[in-house]
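Structure, as structure tokens:
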Amino acid sequence: MAPLLDSLGQKLAEKWLSALAAPGLAFVAAATTGAVLGHGDALDRSALFERMGHWATQAAKWPAVGQLALAAAVIVASVAVGTFVRACAEGAERVWTGDWPSVAWRPGDRLTARRLRRWERIQSRIEQLRAAAPAHRRGEQARKELDTLAARRDGIALAAPSRPTFTGDRMAGTETRLRHQYGIDLASCWTRLWLILPEDVRTELRASRTRFDAALAGSVWAGCYAVLACFWWPAAVVALAVGLIAWRRGRRAAAVHAELIESTVDIYLRRLADELGLDTPDGPPDPRLGAALNHVARKAA
């Protein structure tokens, strides 16, 4: 038992160090550099090394207790910054998913309307092409045009946009598509579905969510470096790089996570009905199955 606990403790410590202390330490180092150099000498390495060397010389004269206290203070500061970023990630998720506060409703509504107009224009063109030539009579050029238009439409949203952001529409679109296909209220039924999923499916869903959470944290780190750039301009470069990476990874992670959720429902919805003992018609799941599951999940409310 002891070796197992030691191994578990080591893994938890490594995860804690990589998630909080390491990026926090990088930010503390950047903030210290900015405090030493400021805007005027932002890239003066000699001045930085001189000041750091002076501090190291002074610290070397301290007793061991003082040196340990300094190291502990640096670690605590790093973890504190990392914890702050993690705490702010929930707010970042609301920004990414378009769940904006009331003060931002008006610009959010305008962005949503603009995305919806673009989506509807493309969808209208797709419907015109489909009506002009049935599937069995379409030529190669028509099929390519339809595929191109569908890709452009899905690049905006998989369903009619209802949020001001891509990520928000990608998440909301999953619920909309599942409701139209199966009549299921995903929010009400998801917990029950989760309980019957195989462990490997749960692991994959957790991993995809973790990747999305990491991108959220990256966007908060970009904001922290943007604030630091007010005092030390090179931090703006870091903020831009970190922000772009977080944005790209976040969009991809959100799309993958939403796709995994939709696929999970496609595959395991019938099994959930069987586990609940519902008498449902044979064949592929349909809105009747979703209505029965909603009835159970909502307790007929």
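Numbers for residues simply follow the sequence, beginning at 1.
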For Thr33, check side-chain contact (heavy atoms from CB on, under 4.5 Å) against everything at least two apart and list the hits. Leu37, Leu48, Trp232
Is any side-chain heavy atom of Arg125 less than 4.5 Å from a side-chain heavy atom of Arg153? no
Could you check whether any side-chain heavy atom of Arg117 comes within less than 4.5 Å of a side-chain heavy atom of Arg121, counting everything from C-beta outward? yes
Does any non-hydrogen side-chain atom of Asp169 lie less than 4.5 Å from one of Thr165? no
Side-chain donor-acceptor contacts of residues 210-220 below 3.5 Å, not counting sequence neighbours, with atom names and distances?
residue: Thr210; atom: OG1; partner: Arg206; partner atom: O; Å: 2.8
residue: Asp213; atom: OD1; partner: Arg209; partner atom: NE; Å: 3.0
residue: Asp213; atom: OD1; partner: Arg209; partner atom: NH2; Å: 3.0
residue: Ser219; atom: OG; partner: Trp96; partner atom: NE1; Å: 3.4
residue: Ser219; atom: OG; partner: Leu216; partner atom: O; Å: 2.5

Is the shortest side-chain heavy-atom distance between Leu178 and Leu269 below 4.5 Å? no
Side chain to side chain donor-acceptor pair (under 3.5 Å) partners of Gln181, counting only residues at least two apart: none
Between Leu111 and Trp100, is there a side-chain heavy-atom distance shorter than 4.5 Å? yes
Can you check whether Thr167's main-chain N or O pairs, donor with acceptor, with Arg251's side chain at less than 3.5 Å? no
Does the side chain of Ile75 reach to within under 4.5 Å of the side chain of Ser78, using non-hydrogen atoms? no
Hydrophobic cluster membership, with links at side-chain heavy-atom distances under 4.5 Å among I/L/V/M/F/W/Y: are Ile267 and Leu278 in one? yes
Check against side chain to side chain contact (heavy atoms under 4.5 Å, CB included), Thr32 and Met52: CA-CA 10 Å; Thr32 303; Met52 292 299 180; 3.8 Å; yes
So, using side chain to side chain donor-acceptor pair (under 3.5 Å) as the criterion, who are the partners of Glu259 when residues are at least two apart? Arg170
Has His39 got a side-chain atom pairing as donor or acceptor with Cys230's backbone, closer than 3.5 angstrom? yes
Quick check: does any side chain N or O of Ser124 sit under 3.5 Å from a backbone N or O of Glu120, one acting as donor and the other as acceptor? no
Is a donor on one side and an acceptor on the other found under 3.5 Å between the side chain of Asn294 and the backbone of Asp185? yes
Using a 3.5 Å distance criterion without hydrogens, assess whether the side chain of Arg202 forms a donor-acceptor pair with backbone atoms of Trp194. yes
So, using ring pair (Phe, Tyr, Trp, His ring centres under 6.0 Å) as the criterion, who are the partners of Tyr182 when residues are at least two apart? none
Arg177 versus His180: any side-chain heavy-atom pair under 4.5 Å? no
What residues, two or more places apart in sequence or in another chain, satisfy ring pair (Phe, Tyr, Trp, His ring centres under 6.0 Å) together with Phe27? Tyr225
Test Val201 against Tyr268 for side chain to side chain contact (heavy atoms under 4.5 Å, CB included), laying out the working first. CA-CA 11 Å; Val201 177; Tyr268 292 99; 3.6 Å; yes
Side-chain contact test, heavy atoms from C-beta onward, threshold under 4.5 Å: evaluate it for Trp190 versus Ile261 and give yes or no. yes
Would Glu262 and Val265 count as a side chain to side chain contact (heavy atoms under 4.5 Å, CB included) here? Give the steps. CA-CA 5 Å; Glu262 188 171 335; Val265 175; 5.9 Å; no
Is Arg192 salt-bridged to Glu275, cutoff N-O under 4.0 Å? no
